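Count residues from 1 along the sequence. The structure displayed is predicted, hence computed values, not measured ones.
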Amino acid sequence: MTTKQLRIGGMYCAACSANLERVLNRRKGVISATVNIATEMANVQYDEAVIGMEGIAEAVENAGFEVVADETPEQTEKRKSDHSRSLRVRLIIAMLFAVPLFCIAMGPMLFDVPIDLMAHSKTYALLQFFLCLPVLAAGYSFYTVGYSQLFRRTPNMDSLVAIGTTAAFLYSLYGLWQVLKGNPHAIHSLYFESSSMIIALVLLGKTMEDSSKGRTGESIKRLMALAPKTALVEREGQETEIPLEQVQVGDVLLVKPGSRIPTDGVVLTGESAVDESMLTGESMPVDKAPGDKVTGATINQGGFLRVQAERVGRDTALAQIIKLVEDAQGSKAPIARLADKVAGVFVPAVMAIAVAAALLWLAAGKEPGFALSVFISVLVIACPCALGLATPTAIMVGTGKGAQKGVLFKDAQALELSSHVTTVIFDKTGTITQGKPRVTDLLPAGGYSREELLRLAASCERASEHPLGQAIVTAAVEQELPLGEVTGFSSVTGKGVHGQVEGKELRIGNAAWLELPKTAEADALAAEGKTPMLVTVDGAYAGVIAVADVVKEDSVAAIRALGEMGIRTAMITGDNQKTADAIARQVGLSTVFAEVLPQDKARYVKELMDKGEKVAMVGDGVNDAPALTQADVGIAIGSGTDVAIEAADVVLVKNSIQDVVTALKLGRATIRNVKQNLFWAFCYNTLGIPVAAGVLYLFGGPLLNPMLGAAAMSLSSVSVVGNALRLNAD
């Protein structure tokens, strides 16, 4: 099975995407296909043994669309810019002629015009005709696309506009012919202004919608703008500036202070502080020295760096983030299925309703002009675009907003499922805690100071590779304590270490190995989930050093925030019960699964799911991957392993579980926005079609003017996109 993402050209409304999706899914060899009108992308999963890309492209073309060749971001931006410019030019032309035509046609009805129209009926009729022609020309795409799709028996929104305006124009031509034959009263049968204003108003709506949709993709544009356009490379001892796309793996890049690092690589020479906030969200710069990794698009703040390129083009961290966001925006959320089904049958149903309404009014004795007005109104007001845009626009904005905050949703389904989460299970090590043991307590005895106890212990432990010993050394280095040389070093697995430092015999380990009685201090530290390490100097007790995997600064706030959202929280770990309980007390967790084997984590997740809970699993290690896959929503900490990130549905770029709160809040806000959009889109069409068909007129109310129907149709789509853009303000 192969999955491809294709850019589709020629889609103009929700019915287009629904029709193409139906055509692709009927094609032999296609396993599944989803088409997104907002991103103009199709995700196609197919069996290469049955159908190839040529067959898929042929199916797309037979449906009246085209597969757009791979584009660079610049080419995509230029194509969209050209389309927007074309829309604006056509709108200006349409308005320049439609507005005067409207005034000429409707002026005598609205105002007291001192002109005898009957005496000048031919001039009056011909003027309207010639003013109408440029407007129809400006709306040529409605006819080329609309009738093309109609003849393929897959009518879309353009088909509705084309049929409605054509009917009005042809009826008006008949009226014009009657006027020219000498019947001045036929000027009352002219509907040139209706055709023109409908075209102009729909173009206005499309222009506004295009502008709004452009803003839904701002997050991708901002991410792309982070990468520098050029890079300074060292070749044959010379500095050469080249376009970024020409950088190759192995090139030596010269990065000056204040400039962005062109691509992912490793520092060869130089030292500097690098601002990685675009990637991690951390405001504090990170010190870099030879051998350290650097990421493309981060900012070199201080010194001069020589960097060897390791990943370029689509392999860089920034490119992968952009790809992840694009894939998420191009996917479909389950909530969109109902709207897609409705949009797929909506246009034929509307055409049938329009014809039926017109015939019924004719049968009721109304004149042809009245029936025509009803026919046109039903066609132009019932655009399914608002329905089709309701979900993808909100998903685009939601996933883009998440990317800006360092929360990457892999697809729209993950975004929707995150809105339903009722329980979050956290892995302990590296998720709730920092994942690296640190010295938490120094309790000296025998006359030693805290600094001297730490210095002697670190001097001995510097020869050890054990994580607990390295934590002691790190604490001493951070305090800039002078460490002595250790000789005669040896370690006893599971018990401790000993060696000579500055002529003193040091032993560091547990009480049993040191043959010391248990102390209240050590017992209290152990009860807190810490590891007490007792120290003796020349056989005399010198104090205790406690080491623990400390809780991240934001863990308590994150778990409290989830509780305020009504979400239950739990922790799962392979650690012993005492340590797990101590960590749980610190962060405010009431449910703890301790001493759990890696292969059993997924079982605990499934048990909660079987009880009806919607579970999110948060982890960072290889051993978390099965549980991340099992959960409704798997959330991987960005600093975790590649396996965990691959298994997850959501990736938190920053090493902070506070972003779990951000992800779930964003999921809720986005799906709430989708539901609002769908509600108003359904209400609009449910109420609009009967009004256009003349239901209010039956009870003495007004008849909907086709021009008002066109304006309402256009504004419905704009309002849906505008509502989605509100997510950016949250």
Side-chain angles (χ1 to χ4, degrees), residues 428-430 432-551 573-586 592 594-595:
K428 181 182 79 69
T429 306
I432 289 179
T433 64
Q434 293 183 357
K436 294 180 180 179
R438 296 183 64 85
V439 172
T440 58
D441 299 87
L442 286 166
L443 304 175
Y448 289 94
S449 66
R450 291 165 53 90
E451 291 75 13
E452 185 64 8
L453 174 65
L454 178 59
R455 188 185 74 81
L456 289 173
S459 298
C460 184
E461 290 282 10
R462 68 191 302 187
S464 171
E465 295 181 355
H466 196 282
L468 298 182
Q470 288 301 305
I472 293 175
V473 175
T474 299
V477 171
E478 288 176 351
Q479 295 186 32
E480 300 181 353
L481 300 177
L483 303 185
E485 293 295 327
V486 60
T487 58
F489 176 84
S490 65
S491 65
V492 181
T493 304
K495 295 182 178 179
V497 301
H498 64 84
Q500 290 78 41
V501 176
E502 299 172 357
K504 299 183 177 80
E505 179 75 22
L506 263 79
R507 290 162 66 87
I508 308 169
N510 59 44
W513 182 62
L514 295 175
E515 298 179 350
L516 292 172
K518 286 188 177 181
T519 65
E521 295 170 334
D523 288 343
L525 292 169
E528 294 174 7
K530 301 172 183 176
T531 302
M533 303 172 68
L534 281 63
V535 182
T536 63
V537 180
D538 292 333
Y541 177 61
V544 60
I545 300 175
V547 176
D549 183 6
V550 297
V551 170
T573 178
D575 274 358
N576 62 73
Q577 191 72 49
K578 183 183 288 186
T579 300
D581 288 340
I583 295 295
R585 284 194 298 271
Q586 289 183 52
V592 178
E595 300 175 19

Check your understanding: Is the number of heavy atoms from other residues, nucleotides or ligands within 6.0 Å of CD (Glu478) greater than 12?
Key -> yes

Mark yes or no for whether [X], through its side chain, and [Y], through its backbone, hold a donor-acceptor pair below 3.5 Å.
{"X": "Glu505", "Y": "Gly539", "answer": "no"}
{"X": "Gln470", "Y": "Ser464", "answer": "yes"}
{"X": "Arg462", "Y": "Gly484", "answer": "yes"}
{"X": "Arg450", "Y": "Leu442", "answer": "yes"}

For [X], all residues meeting side-chain contact (heavy atoms from CB on, under 4.5 Å), sequence neighbours excluded:
{"X": "Val501", "result": "Leu456, Ser459, Cys460, Val486, Leu506"}
{"X": "Glu521", "result": "Leu443, Thr519, Tyr541, Val544"}
{"X": "Thr440", "result": "Lys530, Ala546, Ala548, Val550"}

Nearest heavy-atom pair of [X] and [Y]: which atoms, and what distance?
{"X": "Val473", "Y": "Ala458", "value": "CG2-O, 3.7 Å"}
{"X": "Ala580", "Y": "Val592", "value": "CB-CG1, 3.6 Å"}
{"X": "Ile545", "Y": "Ala457", "value": "CD1-CB, 3.6 Å"}

Check your understanding: Does the side chain of Arg455 come within less than 4.5 Å of Tyr448's, by heavy atoms?
Key ->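 A side-chain contact under 4.5 Å is absent here.
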
Check your understanding: Any side-chain heavy atom of Val497 sitting closer than 4.5 Å to one from His466?
Key ->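 A side-chain contact is absent here, since even the closest heavy-atom pair is not under 4.5 Å.
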
Atom pair [atom1]/[atom2] of [X] and [Y] - distance to nearest 0.5 Å:
{"X": "Leu525", "Y": "Met533", "atom1": "CG", "atom2": "CE", "answer": "12.5 Å"}
{"X": "Phe489", "Y": "Gln500", "atom1": "CZ", "atom2": "CD", "answer": "11.0 Å"}
{"X": "Lys495", "Y": "Arg507", "atom1": "NZ", "atom2": "CZ", "answer": "10.5 Å"}
{"X": "Glu502", "Y": "Thr487", "atom1": "CD", "atom2": "OG1", "answer": "10.5 Å"}
{"X": "Gln434", "Y": "Asp549", "atom1": "CD", "atom2": "CG", "answer": "7.5 Å"}
{"X": "Thr433", "Y": "Arg438", "atom1": "OG1", "atom2": "CZ", "answer": "12.5 Å"}

**Study point:** side chain to side chain contact (heavy atoms under 4.5 Å, CB included) between Glu461 and Leu468, intermediate numbers included
**Key:** CA-CA 9 Å; Glu461 290 282 10; Leu468 298 182; over 6 Å; no

